[in-house]
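For the numbers below, each heavy atom of this structure counts, side chains included, while hydrogens, waters and symmetry mates do not.
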2 protein chains.
Amino acid sequence: MTDPELRYQAILEKIQQRGGRLTSHRLALLRLLAVSEGHPNAARLYEELRAQFPTISRATVYKTLAMLKEAGEVLEIELHNDSHYDGNKPFAHPHLVCTRCQRILDGDELAPLQNIGQQIARQYGFLVEREQVVFYGLCPDCQKTPEA
Amino acid sequence: MTDPELRYQAILEKIQQRGGRLTSHRLALLRLLAVSEGHPNAARLYEELRAQFPTISRATVYKTLAMLKEAGEVLEIELHNDSHYDGNKPFAHPHLVCTRCQRILDGDELAPLQNIGQQIARQYGFLVEREQVVFYGLCPDCQKTPEA
DNA sequence: TAATAATCGATAATCATTATTTATAGAGTA
DNA sequence: TACTCTATAAATAATGATTATCGATTATTA
């Protein structure tokens, strides 16, 4: 895990390079993405931002996220009608979603998935550009506690 | 690929076992799922059904799909805000989605993904219940033809 | 056949997301 | 500094997939 402050600076500089404006709304959103441990969704980000900026709109959140995704500084984890965002590791990697506590764990370091693109090309002649790999189940914590 | 007629009968019997009713709307939807080559989405199914049943509603399509999914007779391929359905292979398997022609190919037979659940359990202590593995890119056909 | 219970399906609502419009920041000029 | 002009940000309004609700319909049992 990179230092949140460094990550924040990196995203910030990328936006400046691209000629994007750094408004107070955007700065706050960047900070949330860089600092937040988890993988928030748009609704969560909106709620947290509203505490500071009561007038902010959802569209601003979505547009900024789209811009950051376009810039390659944020990864969208496409869950059914509820995308979450990863501002710390903006490259494709598997995710483990707990169906009980809703936590999202990073599942990189899974060897079989490392060169899967090559195998898909060999086996199906299909050229992979982007992937979305999600495993749903129970995280270690929730396995310990019996069903609510 | 199983014989479409057999598949149709299998789904039909499963619904009866569960005490579900077999209305004309439902029968037509089942037939589409069993016979259709591809992986239609709700909108597509709705359009095709409307040709036969002008009064059918989208809700009927969604409800029937939900019931079939619950019964394990249909697999939902959760694409960003546009789920598609697989009535032929209702078990988890990877999909290859062409970003140009939108076709969805089945990507089973990928060896690395066969026992991935075990590795996830070993490596992360995470118990996989369900997976959603999608690779986006160019299908063989679209690679041959230059960009439109 | 009549009463009862369960499911079906249409309308209307919801919610995430996006298109369009409006506001604002900042550059350049006098 | 004051004043345009232009580009981008942010808000409002719209869209579209999905779901909740509830009357209608069908099956079941007596």
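Applying the ring-ring contact (aromatic ring centres under 6.0 Å, His included) test to residues at least two apart or on different chains, the pairs with a partner in residues 12-53 of chain B are B/H25-B/F53, B/H39-B/H95.
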When you compare the protein's N or O atoms with those of nucleotides 18-26 of chain C, which come within less than 3.5 Å of each other, and at what distance?
unit_1: C/dT20; atom_1: O4; unit_2: A/K63; atom_2: NZ; d: 3.0

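B/V35 places none of its side-chain heavy atoms less than 4.5 Å from the side chain of B/Y8. Side-chain atoms of A/H84 and A/D86, non-hydrogen and from C-beta on, never get closer than 4.5 Å to each other. At least one side-chain heavy atom of A/L79 sits under 4.5 Å from a side-chain heavy atom of A/I104. A heavy-atom distance below 4.5 Å is found between the side chains of B/L68 and B/I15.
Backbone-only contact: B/T55 has heavy atoms under 4.0 Å from sugar-phosphate atoms and none from a base.
B/E48 is linked by a side chain to side chain contact (heavy atoms under 4.5 Å, CB included) to B/L32, B/R44, counting only residues two or more places apart in sequence or in another chain. For B/Q16, the side chain to side chain contact (heavy atoms under 4.5 Å, CB included) partners are B/L12, B/L22, not counting sequence neighbours. A/E5 is linked by a salt bridge (charged side-chain N to carboxylate O under 4.0 Å, His left out) to A/R31, counting only residues two or more places apart in sequence or in another chain.
B/L68 has its CG atom 11 Å from the P atom of C/dC8, to the nearest Å. Between the CD1 atom of A/I77 and the P atom of C/dA16 there is a distance of 17 Å, rounded to whole Å. Put simply, CG on B/L49 is 15 Å from C1' on C/dA10, counting in whole angstrom units. If you measure from atom CD of A/E76 to atom C1' of C/dA16, you get 12 Å, rounded to the nearest angstrom.
Nucleotides of DNA chain D lying under 4.0 Å from heavy atoms of chain B occupy a range whose first and last members, 5' to 3', are D/dA17 to D/dT26.
With DNA chain C read from its 5' end, the first of the two nearest nucleotides for A/D82 and B/R18 is the one closest to B/R18.
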